[in-house]
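Report on one structure; see the data block that follows.
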Amino acid sequence: MPKLYHLTLQRSSAITHAIYGNFSAPKAQEIVCARYKTLELLRPDDSGKVQSILSVEIFGVIRALNPFRLTGASRDYIVVASDSGRIVILEYDGTKNMFEKVHQ
């Protein structure tokens, strides 16, 4: 019996959600964009151009994206809600260059 596998050749380009915050450092101004199933961390450089720092494809469709900061903290966390109803809190780890789950 044959098995079918669906793989898109081109990633989605429409931004569905975008948030602004300090995700990697206290004074770093960054943008996190959601493109259907992809989460992307963007940072403007000194010349004004936006550089992509990290792009991660997740399992599920992103339905909501919000930043939040704990009282007394200097960095922001990312709250991601998917189409399955799952809510995940992520933080950016600059040494590993990846988003890590804080709470699921």
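Since we're looking at a predicted model, the values are computed, not measured.
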Indicate yes or no: at least one non-hydrogen side-chain atom of [X] is less than 4.5 angstrom from one of [Y].
X: Ile62; Y: Lys37; answer: no
X: Cys33; Y: Ile31; answer: yes
X: Tyr92; Y: Ile78; answer: no
X: Leu90; Y: Val102; answer: no

Sequence neighbours left out, what passes side chain to side chain contact (heavy atoms under 4.5 Å, CB included) with Ser84? Give chain and number order.
Ser82, Arg86
When rounded to the nearest 0.5 angstrom, what distance separates CD1 in Ile87 from CD in Gln104?
11.5 Å
Just verifying a value: how many Å separate Ser24 OG and Glu91 CD, rounded to the nearest 0.5 Å?
11.5 Å
Applying salt bridge (Lys or Arg N to Asp or Glu O under 4.0 Å) as the test, list every pair that has at least one member in residues 94-103; sequence neighbours left out.
Lys96-Glu100
Which residues share a side chain to side chain donor-acceptor pair (under 3.5 Å) with [X], sequence neighbours left out:
X: Thr95; result: Asp93
X: Lys49; result: none
X: Thr16; result: none
X: Thr38; result: none

Considering only distance and modelled atom types, tabulate donor-acceptor pairs under 3.5 Å from the side chains of residues 50-59, sequence neighbours left out.
| from | atom 1 | to | atom 2 | distance (Å) |
| --- | --- | --- | --- | --- |
| Gln51 | NE2 | Asp45 | OD2 | 3.3 |
| Ser52 | OG | Glu40 | OE2 | 2.8 |
| Ser55 | OG | Arg11 | NH1 | 3.3 |

Check salt bridge (Lys or Arg N to Asp or Glu O under 4.0 Å) between Lys27 and all other residues, then give those that pass, not counting sequence neighbours.
none
Quick one: salt bridge (Lys or Arg N to Asp or Glu O under 4.0 Å) partners of Arg75, sequence neighbours excluded?
none
Considering all heavy atoms, the nearest Asn22-Ala28 contact:
OD1-O, 2.7 Å
Taking ring-ring contact (aromatic ring centres under 6.0 Å, His included) as the cut-off, I'd like each qualifying pair that reaches into residues 19-48, sequence neighbours left out, listed once.
none
Side-chain donor-acceptor pairs of residues 63-71 under 3.5 Å, sequence neighbours excluded:
| from | atom 1 | to | atom 2 | distance (Å) |
| --- | --- | --- | --- | --- |
| Arg69 | NE | Asp76 | OD1 | 2.7 |
| Arg69 | NH2 | Asp76 | OD1 | 3.1 |
| Arg69 | NH2 | Asp76 | OD2 | 3.4 |

Following the transitive rule for hydrophobic clusters with a side-chain heavy-atom cut-off under 4.5 Å over Ile, Leu, Val, Met, Phe, Trp and Tyr, establish whether Leu41 and Ile19 coincide in one cluster.
yes
